[in-house]
Amino acid sequence: MEEISNTEIKKIIENQKKINIAQKKYYHEKLKDNQEYKAKARERSRQWYIKNNKKKKEKYEKNKEVTNAKQLYLYHKNKGQSNKFVNKYPEKYEMLISKGFVKD
């Protein structure tokens with residue numbers, strides 16, 4: 001694989017930024033208010049939801065405990081009671097440390 005210089009990397013990034021700006025401008029000026037585009041986008045979205053509904057549910061079930069622990073930790077942290085969380089839920093605290101959400 002060939003090496004890419006810093007100037008080439010900067011040029012690629014700038015080109016990508018220009019493309020992104022052009023795409024946003026095109027969307028806001030042409031597509032945003034187009035009823036046909038809206039209908040197609042809604043149908044695409046509906047089909048995606050039907051296809052991936054079970055995947056979302058599986059992901060939620062898989063991460064349920066971690067999400068619950070994160071929410072509890074953030075609740076206690078925002079109240080300034082993070083020590084209370086550590087004492088009350090040591091197993092959840094250890095899980096958050098192992099996942100990298102909290103640094104000991």
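The shown structure was predicted, so the numbers you read here are calculated from the model rather than taken from an experiment.
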Sorted by first residue and then second, give each salt bridge (charged side-chain N to carboxylate O under 4.0 Å, His left out) pair with at least one member in residues 46-56; sequence neighbours left out. Glu43-Arg46

Ring center gap for Tyr93 and Tyr89 short of 6.0 angstrom: no

Distance in Å, Lys92 NZ paired with Ile97 CD1, rounded so as to fall on 0.5 Å steps: 15.0 Å

By salt bridge (charged side-chain N to carboxylate O under 4.0 Å, His left out) - contacts of Arg42 (at least two apart): none

Which heavy atom of Leu31 sits nearest a heavy atom of Tyr37, and at what distance? O-CD2, 3.5 Å

Who pairs with Lys40 by salt bridge (charged side-chain N to carboxylate O under 4.0 Å, His left out), at least two apart in sequence or on another chain? Glu36

Cut-off 3.5 Å, no hydrogens considered: what does the side-chain donor-acceptor table look like for residues 58-74, sequence neighbours left out?
residue : atom : partner : partner atom : Å
Asn63   : ND2  : Lys59   : O            : 3.4
Thr67   : OG1  : Asn63   : O            : 2.8

Derivation of the side-chain contact (heavy atoms from CB on, under 4.5 Å) call for Phe85 and Leu96: CA-CA 12 Å; Phe85 173 81; Leu96 292 177; 4.1 Å; yes

If you look only at pairs with a residue in residues 9-20, which of them pass as a side-chain hydrogen bond (donor to acceptor under 3.5 Å, both in side chains), with sequence neighbours excluded? Gln16-Asn20

Results of salt bridge (charged side-chain N to carboxylate O under 4.0 Å, His left out) for Glu29 - residues two or more places apart only: none

Which residue pairs pass the side-chain hydrogen bond (donor to acceptor under 3.5 Å, both in side chains) test when at least one of the two sits in residues 75-85, sequence neighbours left out? Tyr75-Lys79

Name all residues meeting the side-chain contact (heavy atoms from CB on, under 4.5 Å) criterion together with Ser5; count only those two or more places apart in sequence or in a different chain, and write none if there are none. Thr7, Glu8

Under the rule for side-chain contact (heavy atoms from CB on, under 4.5 Å), what residues qualify as partners of Lys30, not counting sequence neighbours? Tyr26

